[in-house]
Engineer: 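Mind looking over this structure? Questions follow.
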Amino acid sequence: MPQLRPNRYRTHTCGALRAADVGQEIVLSGWVDANRDMGGVIFIDLRDRTGVTQLVFDPQRSGGVHAEAAKLRGEWVVQAKGKVVARPADRRNTKLETGDVEIEVSELEVLNRSKTPPIEIRDDLTAGDEARLTYRYLDLRRRPMQRVLQTRHKAAMAVRNHLTGEGFTEVETPFLIKWTPGGARPFLVPSRLHPGKFYALAESPQLFKQLLMVAGTDRYYQIVRCFRDEDLRIDRQPEFTQVDIEMSFVEQDDIFASVEGAIAAVWKEVLGIELKLPFERVPFDEAMSRWGNDKPDRRFGLEHVELTEVVKKHDGGGIKIMKAVADSGGIVKGLRLPKQHEMPRAQIDKLETFVKGMGAKGLAWAKIGPDGSWGNAPLAKVIAEGMRKDFNQALGAEEGDLLLFQFGPEAMVHTVMANLRLHLGKKFGLIPEYGSGGKWDFFWVVDPPLFEYDEEHKRWVAAHHAFSMPHRECLADLERGAGDQSHASPLKQVKCYRYDLVLNGYEVAGGSVRIHRREIQRLVFQALGISETEEQEKFGFLLDAFEHGAPPHGGIAMGWDRLVWLLSETESMRDVFAFPKNQKGVDMMNGSPAEVDGALLKDCAVKVDLPEPEKPA
RNA sequence: GGGCCCGUAGCUCAAUUGGUUAGAGUAUCGGACUGUCGAUCCGAGGGUUGCGGGUUCGAGUCCCGUCGGGCCCGCCA
């Protein structure tokens, strides 16, 4: 912390004074952290965000202020004037940075009193989320929370400095924008000047940053708030921050280099850690195959094993449901839990409840006995010996291991198996519940498919958005597939220059090289079944802009809160927001969202039409 | 929309699995103590067990509903 400019309230912060300051007349202001009245001498710990300094009131020497000190209560705001004195050698407090000294107070002023706080202000957590969010200003008074705010600031400075050094310009873009279909659900803002019309709060500056490239800004970034009206998770807030980046005349590698540099700068600045660059790259298909996840946590094993081909080879191997799944385009996957991780039957049943909550029909398992037998597992009676042996071999099963299987539609199997793996990893302490465990596993997931099949509507849709550049060698497939909406369409194998940066199982950045040429864009729209009129309606101004000399460009957005969260190793991402909302999107401190004055609604020509409450049965 | 878990003193939790007057730590208040530092010691106050209904001789405990909180699936490019 830089030196304070001394003023009437304080000459130093509460974390500043050292043995070298002994003899100085100083003034401190802060909150009463603790009051230890020994019957004669009184000690007051005075706290601010930088630390704690002990004030001493000796009845002999302090006279009148001694009586004042006895009246002080926790969290009162106090100003103390006095002399820095050295503590006796055997009375130093090595736990405090200021523990070599204390203040002999000559003047004491109560700047403000405080009610007894509903949550205790101390470093270790004593209150739950509900109380912490309701009294956020008190929770934030705790030093670990102040430290996180400072970490966040430091990290932002590192990014700003790094990107500025690489020739980036920070440009602000509108929050009140026109709604465009697709993507996340936006928050709506009614327009008073245009009754019946609405702005949408920007879900991200996506379109604007591409327009900045057309404008020739070349290297843009922005630390920007984004808004999405979707259901929340531990790592999602309705308003959150991105470090948004877009660059012209670049390829994927150039974008990676800029992001890697920015993140390395953050880790160096905040943690003093030198990350190994460049980050590893993992093809999307490999990530899905080995971990069932496009953002795998690679800090531990328990990898998935693909068994679909084995099942096909044995024509179901006596298990009818597996055969049905393999024959109808579904997949079969297995996972081996080594024998040192004991799993009694009751816990396997709990696992089954867990996976059923994610859409699984059940949980097939087998405990390996001597000679690779499957003991009394339900499947043991029906599985053909040949397939059992092949399963064992594919999974590397040894006596005492537990095999877990999942089969069905690909998306479900991947979701279930990926979450099962994480669950087991945490349960058996292979990774911590939260925090890095000392491992910072950054890597890029690259080359995902541009399209995915929508089973419900029996057609191909954009896997993320329609503007990611297909690989050059996939253009032929794109052209051939543009008119083919069948399940087997060549669109399936069209890969694109999209990429996610993953850290310890969380996506911390994602972006793509964009399509800047009209004819390729048209092909993609054709494949998606979007007509030219529709296209004009939805994306008109962007496409118009692209016809006025759009340079090759691409970009990325870093999920800033998530990154700072992982960097801080706090339990919940809410901990890195000064004022977060709870899981229902409610600000528990101020009660938003809330009803508004009817006159305000009227001004905007908005009528509230609530659905009828359901009648009790 | 769905699954799982939780709700007891200001805060964090317990209550022998349905059995007497619901306890502890901490915080708060009062008292004692002249070198503490998570001070210590003594004492006090603090509860509609979220709310409503049901089962039972008896419910914090079991059942149903409801409200609130958390984690996940769906959703979120």
Side-chain angles (χ1 to χ4, degrees), chain A residues 33-45 52-62 66 73-75 87-88 90-96 98-99 102 115-135 138-139 182-186 203-204 206 226-238 240 294 350-351 353-360 411-412 415-416 418-420 422-423 426 433-434 448 450 452 461-468 496 498 500 507 510-512 557 559 571-572 574 582-584 586 588 613-614 616-617:
Chain A
D33 194 54
N35 181 343
R36 292 183 293 279
D37 185 341
M38 311 309 294
V41 65
I42 294 173
F43 300 99
I44 302 284
D45 288 340
V52 167
T53 301
Q54 175 164 283
L55 312 179
V56 205
F57 301 81
D58 188 302
Q60 261 86 61
R61 278 178 288 184
S62 305
H66 179 268
R73 292 294 178 267
E75 301 311 314
R87 296 202 197 183
D90 57 339
R91 309 282 186 214
R92 289 183 190 139
N93 186 345
T94 50
K95 285 185 246 169
L96 286 183
T98 61
E102 58 194 357
K115 287 185 178 175
T116 302
I119 61 175
E120 292 172 53
I121 316 294
R122 45 191 290 176
D123 287 3
D124 50 336
L125 204 54
T126 62
D129 263 16
E130 210 170 335
R132 292 176 61 200
L133 291 179
T134 307
Y135 300 99
L138 295 179
D139 189 34
R185 185 182 296 109
E203 293 151 28
S204 77
Q206 184 63 39
C226 303
F227 306 87
R228 291 178 192 175
D229 188 8
E230 296 289 350
D231 287 0
L232 306 178
R233 290 283 187 283
I234 199 167
D235 62 339
R236 292 191 222 153
Q237 281 276 305
F240 61 99
D294 58 359
K350 271 196 167 174
L351 270 194
T353 310
F354 173 73
V355 298
K356 277 181 171 171
M358 287 178 299
M412 185 277 287
T415 298
V416 168
N419 282 301
L420 183 60
L422 277 177
H423 181 78
K426 285 178 182 169
E433 281 293 333
Y434 64 90
L450 181 53
E452 65 189 13
V461 297
H464 283 245
H465 63 56
F467 307 104
S468 299
C496 66
R498 226 185 62 222
D500 287 334
E507 178 193 327
S512 65
E571 183 165 3
S572 164
R574 286 191 286 270
N582 75 3
Q583 193 165 35
K584 296 244 164 69
V586 170
M588 297 188 67
E614 281 182 41

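All values below were derived from every heavy atom in this structure, side-chain atoms included, with hydrogens, water molecules and symmetry-related copies excluded. Proteins get letters first, then strands, A, B, ... in listed order; numbering begins at 1 in each. Fair warning: this is a prediction, and the values are worked out from it, not measured in the lab.
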Engineer: Please report, rounded to the nearest Å, how far the C1' atom of B/C73 is from the CG atom of A/D235.
Structural biologist: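 Between C1' of B/C73 and CG of A/D235: 14 Å.
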Engineer: Rounding to an integer number of angstrom, what distance separates B/U36 and B/G7 when you compare their P atoms?
Structural biologist: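 Rounded to whole Å, the distance is 42 Å.
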Engineer: Taking only the P atom of each, what is the distance from B/G47 to B/U55 in whole angstrom?
Structural biologist: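 My reading of the P atoms in B/G47 and B/U55 gives 30 Å.
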Engineer: Scan every strand shown for a Watson-Crick or G-U wobble partner of B/G30, both distances under 3.5 Å, and answer none if you come up empty.
Structural biologist: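 By the stated definition (distances under 3.5 Å), B/C42 pairs with B/G30.
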Engineer: For the C1' atoms, the ones on B/U8 and on B/G69, what distance do you get once it is rounded to whole angstrom?
Structural biologist: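 Rounded to whole Å, the distance is 15 Å.
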Engineer: Can you pull every protein N or O that's under 3.5 Å from an N or O on nucleotides 6-13 of chain B?
Structural biologist:
residue, atom, partner, partner atom, Å
B/G10, O2', A/P118, O, 2.9
B/G10, N2, A/E120, OE2, 3.3
B/C11, O4', A/P118, O, 3.4
B/C11, O2', A/T126, O, 2.7
B/U12, OP1, A/G128, N, 2.7
B/U12, O4', A/T126, O, 3.0

Engineer: Mind checking A/S204 for me? I need base, sugar-phosphate or nothing, with any heavy atom below 4.0 Å counting as a touch.
Structural biologist: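 A/S204: base contact, heavy atoms under 4.0 Å.
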Engineer: Quick one: A/L420 CG to B/C72 C1', roughly how many Å, whole number?
Structural biologist: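 In whole Å, B/C72 C1' and A/L420 CG are 13 Å from each other.
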Engineer: Between B/G65 and B/U16, how far apart are the P atoms? Round to whole Å, please.
Structural biologist: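 Between the two P atoms, the distance is 25 Å.
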Engineer: Tell me, please, which residues at least two apart from A/R574 pass salt bridge (charged side-chain N to carboxylate O under 4.0 Å, His left out).
Structural biologist: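 With sequence neighbours excluded, A/R574 shows a salt bridge (charged side-chain N to carboxylate O under 4.0 Å, His left out) to A/D129, given in chain and number order.
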Engineer: Taking the same atom, P, in B/C62 and in B/U49, what whole-Å distance lies between them?
Structural biologist: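 Comparing P positions in B/C62 and B/U49 gives a spacing of 16 Å.
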Engineer: Expressed as a whole number of angstroms, how long is the span from A/L422:CG to B/C72:C1'?
Structural biologist: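 In whole Å, B/C72 C1' lies 12 Å from A/L422 CG.
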Engineer: Quick one: does A/Q206's side chain get under 4.5 Å of A/F467's, heavy atoms only?
Structural biologist: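 A side-chain contact is absent here, since even the closest heavy-atom pair is not under 4.5 Å.
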Engineer: If we only count heavy atoms from C-beta on, is the A/M358 to A/L420 side-chain gap below 4.5 Å?
Structural biologist: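 A/M358 does not reach A/L420 side chain to side chain.
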Engineer: By nearest heavy atom, map A/G74 and A/R574 onto RNA chain B; which one lands nearer the 5' end?
Structural biologist: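 Looking at RNA chain B, the more 5' nearest nucleotide goes with A/G74.
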Engineer: Of all the heavy-atom pairs spanning A/F240 and A/F227, show the shortest one and how long it is.
Structural biologist: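 The pair with the smallest heavy-atom distance is CE2-N, 4.5 Å.
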Engineer: Counting any heavy atom closer than 4.0 Å, what does A/G183 reach on the DNA or RNA strands: base, sugar-phosphate only, or nothing?
Structural biologist: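 If one applies the 4.0 Å heavy-atom cut-off, A/G183 turns out to touch the sugar-phosphate alone, with no base involved.
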Engineer: Return the set of residues passing side chain to side chain contact (heavy atoms under 4.5 Å, CB included) with A/K426 (not counting sequence neighbours), or none when no residue passes.
Structural biologist: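 Side chain to side chain contact (heavy atoms under 4.5 Å, CB included) list for A/K426, sorted by chain: A/I431, A/E433.
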Engineer: To the nearest angstrom, how far is A/R185 atom CZ from B/G74 atom C1'?
Structural biologist: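 Whole-Å distance recorded here is 11 Å.
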Engineer: Distance check: side-chain N/O of A/R233 vs OP1/OP2 of B/C73, anything under 4.0 Å?
Structural biologist: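 Yes, such a contact exists.
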Engineer: I'd like to know if A/R228 reaches the base of B/C76 with its side chain, counting only an N/O donor and acceptor under 3.5 Å.
Structural biologist: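 Answer is no: no donor-acceptor pair is held.
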Engineer: With a cut-off of less than 4.0 Å, is there a side-chain N or O of A/T353 near OP1 or OP2 of B/G3?
Structural biologist: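 Answer is no, no contact under 4.0 Å.
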Engineer: Hey, is B/U17 sitting syn or anti, using the within-90° cutoff around 0?
Structural biologist: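 You should classify B/U17 as syn.
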Engineer: Can you give one letter per nucleotide of nucleotides 29-40 of chain B, 5' to 3': B if a protein heavy atom sits under 4.0 Å from the base, S if only from the sugar-phosphate, - if neither?
Structural biologist: SS--BBBBBBB-
Engineer: Excluding sequence neighbours, so at least two apart, what forms side chain to side chain donor-acceptor pair (under 3.5 Å) with A/E203?
Structural biologist: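 Scan of A/E203 (side chain to side chain donor-acceptor pair (under 3.5 Å), adjacent residues dropped) gives none.
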Engineer: What's the gap between B/U26 and B/A39 when it is taken at their P atoms, as a whole Å value?
Structural biologist: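 About 11 Å, rounded to a whole number of Å.
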Engineer: Mind checking if A/R132 touches a base, just sugar-phosphate, or nothing, with heavy atoms under 4.0 Å?
Structural biologist: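 It contacts nothing in the nucleic acid.
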Engineer: Side chain to side chain contact (heavy atoms under 4.5 Å, CB included) with A/K356: which residues, sequence neighbours excluded?
Structural biologist: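 By the side chain to side chain contact (heavy atoms under 4.5 Å, CB included) rule, A/K356 matches A/E352.
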Engineer: Using side chain to side chain contact (heavy atoms under 4.5 Å, CB included) as the criterion, list what pairs up with A/D45, not counting sequence neighbours.
Structural biologist: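 Counting only residues at least two positions away or on another chain, A/D45 forms a side chain to side chain contact (heavy atoms under 4.5 Å, CB included) with A/D33, A/A34, A/R36, A/V52, A/Q54.
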Engineer: Mind checking A/E203 for me? I need base, sugar-phosphate or nothing, with any heavy atom below 4.0 Å counting as a touch.
Structural biologist: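 Answer is nothing: A/E203 stays at 4.0 Å or more from every strand.
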Engineer: Rounded off to whole Å, could you give me the CE-to-P distance for the A/M358 and B/C71 pair?
Structural biologist: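 Result: 16 Å.
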Engineer: Check residues 116-123 of chain A and write down every donor-acceptor pair under 3.5 Å in which the side-chain atom is one partner and the other belongs to a residue at least two apart or another chain.
Structural biologist:
residue, atom, partner, partner atom, Å
A/R122, NE, A/D124, OD1, 3.0
A/R122, NH2, A/D124, OD2, 3.3

Engineer: Whom does B/C11 pair with, Watson-Crick or G-U wobble, provided both distances fall under 3.5 Å?
Structural biologist: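 Result: B/G25.
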Engineer: Check the phosphate of B/G69 against A/N582, side-chain N and O only, distance under 4.0 Å to OP1 or OP2. Yes or no?
Structural biologist: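 For A/N582, the contact criterion (side-chain N or O under 4.0 Å from OP1 or OP2 of B/G69) is met.
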Engineer: If only atom types and distance count, is the side chain of A/H66 paired as donor or acceptor with the main-chain N or O of A/G40 below 3.5 Å?
Structural biologist: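 It does hold such a pair.
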Engineer: Is a side-chain N or O of A/R498 found less than 3.5 angstrom from the main chain of A/S512, in a donor-acceptor match?
Structural biologist: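 Absent.
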Engineer: Say we look at B/G31 and B/G18: how far apart would their P atoms be, to the nearest angstrom?
Structural biologist: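 Comparing P positions in B/G31 and B/G18 gives a spacing of 46 Å.
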Engineer: Can you tell me the distance, in whole Å, between the CG atom of A/L133 and the P atom of B/G68?
Structural biologist: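 For the pair A/L133 CG and B/G68 P, the rounded distance is 16 Å.
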Engineer: Looking only at atom C1', what distance separates B/G3 and B/G74, rounded to whole Å?
Structural biologist: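 Between the two C1' atoms, the distance is 11 Å.
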Engineer: Starting from C1' on B/C72, measure out to CG on A/L351 and report it in whole angstrom.
Structural biologist: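 Going from A/L351 (CG) to B/C72 (C1'), I get 14 Å.
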Engineer: Check side chain to side chain contact (heavy atoms under 4.5 Å, CB included) between A/Y434 and all other residues, then give those that pass, not counting sequence neighbours.
Structural biologist: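 Side chain to side chain contact (heavy atoms under 4.5 Å, CB included) list for A/Y434, sorted by chain: A/E571.
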Engineer: Send over the distance from A/E130 CD to B/C71 P, rounded to a whole Å.
Structural biologist: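 Answer to the nearest Å: 12 Å.
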Engineer: A/A463 near the nucleic acid: base, sugar-phosphate alone, or nothing, with a heavy-atom cut-off under 4.0 Å?
Structural biologist: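 Touches sugar-phosphate only.
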